[in-house]
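Read through the structure below, which is laid out as structure tokens, and then see the notes.
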Amino acid sequence: MLKYFHKETELLGTVPNVLAECSFTKKLEGRVKISGSKNASLAMLAATLLTDEECIIKNVPRLDDVFVLLALLEKLGKKISFRGNIVIIRGAVKRQILPEGLSRKLRASVLVMGPILASKGSGVFALPGGCALGERPIDIHIMGLRAFGARYEICGGKMNFKRKILHPAHIHLPFPSVGATENILMAASLIPGKSVISNVAREPEIINLVRFLNAMGSHIKICGSTYEVYGVRNLHGAQFSVMPDRIESGTFLLAAAAIGGAIKIIGAESGHLTVLIKKLAQTGVQIGEKRGILSVKAARCPQPADISTAPYPGFPTDLQPLWAVYMLRAAGKSKITEKVFPARFMYVDELKRLGADMKLKASVLTVGKSCLNGAHLIACDLRAAAAMIIAGLMANGTTRVGGLRHLFRGYENFFEKLQMLKANVSIRQTKKK
Ligand code: EPZ
């Protein structure tokens, strides 16, 4: 079985320069098991800052983003062990200054702000960097923390929050931001009294976080798109298992639809993928479920279908690049509208190197049936990397994909899983420049 080298030094995944080589694959067949959710794991790991007691989190995927966040938590004073897919975290936070280098590596590092300010009252945080999805503001996070009474000054590019005892608040989010909802929820859990947060994000990863916070002794009530949080003075440790990765499940559903064949997906939560499954059925894909196993059979001649991304339960923005690649096989034109990250089309120019018929106007991409031929592509973000590899397996000849560090951030054993499904893919180390 292919094993790419993934040195884990000090919990930091350092991935050497590797290149994916993809050759035309007539169809996928076999079974694939879904890992724990990256995005749910990151929020839960940040939530462990709300208690000094031991937390045991199971089904945590071994990914670079997880390694970076664990390294951050360790720098803050947490004692961590990560064996297999089980993380054990305990101990008090001893430092409240977030190292800039690590914070810049991981957008989700912003999630430590709420827990640190609620438990310690002060902290110094670097402004998170942007990425290929475009500008990544945190104004909604800040608006929520300020509502609790937090105040900061910017010095040296960092936000320096002065010591404050935070108070409960009623907060209405201008946009259902996933990260801001998580940050504000975690802070409210440790602010004694009743806080009400409305127009929240309702992604399954957030419900997973609510369940974990309640297991730690918080009292969060979900009322539609409003959360009522009865914050407490202390939260205790808890044991919890991470939900299956919704986006990885969608990635393999779309890989089968785009490349062809029939596969079985083990451990996916189909209830989290209703919109995608409905759209796939519209194009002719057959999807069945039996005892928690999803069976997917690709359409011989897929029909085009338009999508427009939206916060959950809408079509997930993270699957937008993968849908675009699938539509390269559809018999006709389809329109893809991106409403969450309007700049999330950096992958289009790369796919055009394969001969993709794609035209982008404002945030609407029109895709036509395309005959793809191998080329050398460079991935620009996590989901675009997966999309380029799938496109390479659809293309004639060989396609090489670089920039794989993005992929290792968010997909556990991606190449091994594709190989188990009979995909012609391998990775090799490139000469260091
Ligand atoms: C989370 O990012 C996910 N990351 C993203 O997954 C996912 O694409 C995104 O939610 C949307 O579902 C993690 O959970 C670690 P947002 P997040 O705040 O929290 C704007 C992946 O591939 N916004 O819901 O950063 C923002 O610019 C990653 O796994 C503000 O304007 O997403 C964007 O346009 C990529 N101000 C929109 O809201 C803010 O303060 C959605 O962002 C915050 C966000």
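This one's a predicted model, so the numbers in the text were calculated from it and none came from an experiment. Order of appearance sets the numbers: ligands from 1, and atoms from 1 within every ligand.
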Self-check item: Between Phe252 and Phe414, ring centroids under 6.0 Å
Solution: yes

Quiz item: Looking only at heavy atoms, which two atoms of Leu117 and Ala150 are closest? And how far apart?
Solution: CD1-CB, 4.2 Å

Quiz prompt | Atoms in ligand 1 flagged as close to Gly179, the criterion being non-hydrogen separation under 4.0 Å | solution = 18 (O), 19 (O)

Quiz prompt | Region of Ser177 engaging ligand 1 - heavy atom pairs below 4.0 Å | solution = both

Quiz item: How far apart are the C-alpha atoms of Ile89 and Leu49, what are their side-chain angles, what is the distance that settles it, and do they pass the side-chain contact (heavy atoms from CB on, under 4.5 Å) test?
Solution: CA-CA 9 Å; Ile89 297 191; Leu49 291 165; over 6 Å; no

Quiz item: Protein heavy atoms: any of them under 4.0 Å from atom 21 (C) of ligand 1?
Solution: yes

Quiz item: Which residue from Val178, Ile138, Thr309, Asp318 reaches closest to atom 16 (P) of ligand 1 through any of its heavy atoms?
Solution: Val178

Exercise. Heavy-atom distances under 4.0 Å are what count here, so tell me which part of Phe175 touches ligand 1: side chain, backbone, both or neither.
Key: side chain

Quiz item: Would you call Pro137 a ligand 1 contact, heavy-atom distance under 4.0 Å?
Solution: yes

Practice problem: May I have all residue pairs that pass salt bridge (Lys or Arg N to Asp or Glu O under 4.0 Å) and include part of residues 335-351, sequence neighbours excluded? | Solution: Asp318-Arg344, Glu350-Arg353

Exercise. Measure across Leu209 and Met186 and return the closest heavy-atom pair with its distance rounded to 0.1 Å.
Key: CD2-CG, 4.1 Å

Quiz item: Going by the order shown, which atoms of ligand 1 are within less than 4.0 Å of some heavy atom of Lys38?
Solution: 21 (C), 29 (O)

Self-check item: Contact partition for Arg344 relative to ligand 1, non-hydrogen atoms under 4.0 Å
Solution: side chain

Quiz prompt | Nitrogen or oxygen of Phe341 less than 3.5 angstrom from that of ligand 1 | solution = no

Quiz item: Does Val340 approach ligand 1 within less than 4.0 angstrom via side chain, backbone, both or neither, non-hydrogen atoms only?
Solution: both

Quiz item: Does a side-chain N-to-carboxylate-O contact under 4.0 Å join Lys79 and Glu74?
Solution: no

Exercise. Find all atoms of ligand 1 within a distance of less than 4.0 Å from any non-hydrogen atom belonging to Thr317, and give their numbers and elements.
Key: 8 (O), 11 (C)

Quiz item: Between Glu412 and Asn85, do the side chains contain an N or O donor and an N or O acceptor separated by less than 3.5 Å?
Solution: yes

Quiz item: Going by distance alone, is a donor N or O of one side chain under 3.5 Å from an acceptor N or O of the other, for Ser122 and Gln96?
Solution: yes

Quiz item: Going through the checks in order, is the side-chain contact (heavy atoms from CB on, under 4.5 Å) test met by Leu407 and Phe415?
Solution: CA-CA 10 Å; Leu407 192 97; Phe415 294 100; 3.5 Å; yes

Practice problem: Please list, chain by chain and in numerical order, all residues satisfying salt bridge (Lys or Arg N to Asp or Glu O under 4.0 Å) with Arg246, sequence neighbours excluded. | Solution: Glu205

Quiz item: What about Pro176: any of its N or O atoms under 3.5 Å from an N or O on ligand 1?
Solution: no

Quiz item: Is any N or O atom of Arg383, backbone or side chain, closer than 3.5 Å to an N or O atom of ligand 1?
Solution: yes

Exercise. Can you sort out which atoms of ligand 1 are near Asp139, meaning under 4.0 Å from one of its heavy atoms?
Key: 30 (C), 31 (O), 36 (N), 39 (C), 40 (O)

Quiz item: Where's the contact between Leu382 and ligand 1, heavy-atom distance under 4.0 Å: side chain, backbone, both or neither?
Solution: side chain

Practice problem: Of the side chain and backbone of Arg107, name the one, both, or neither that has a heavy atom under 4.0 Å from an atom of ligand 1. | Solution: side chain

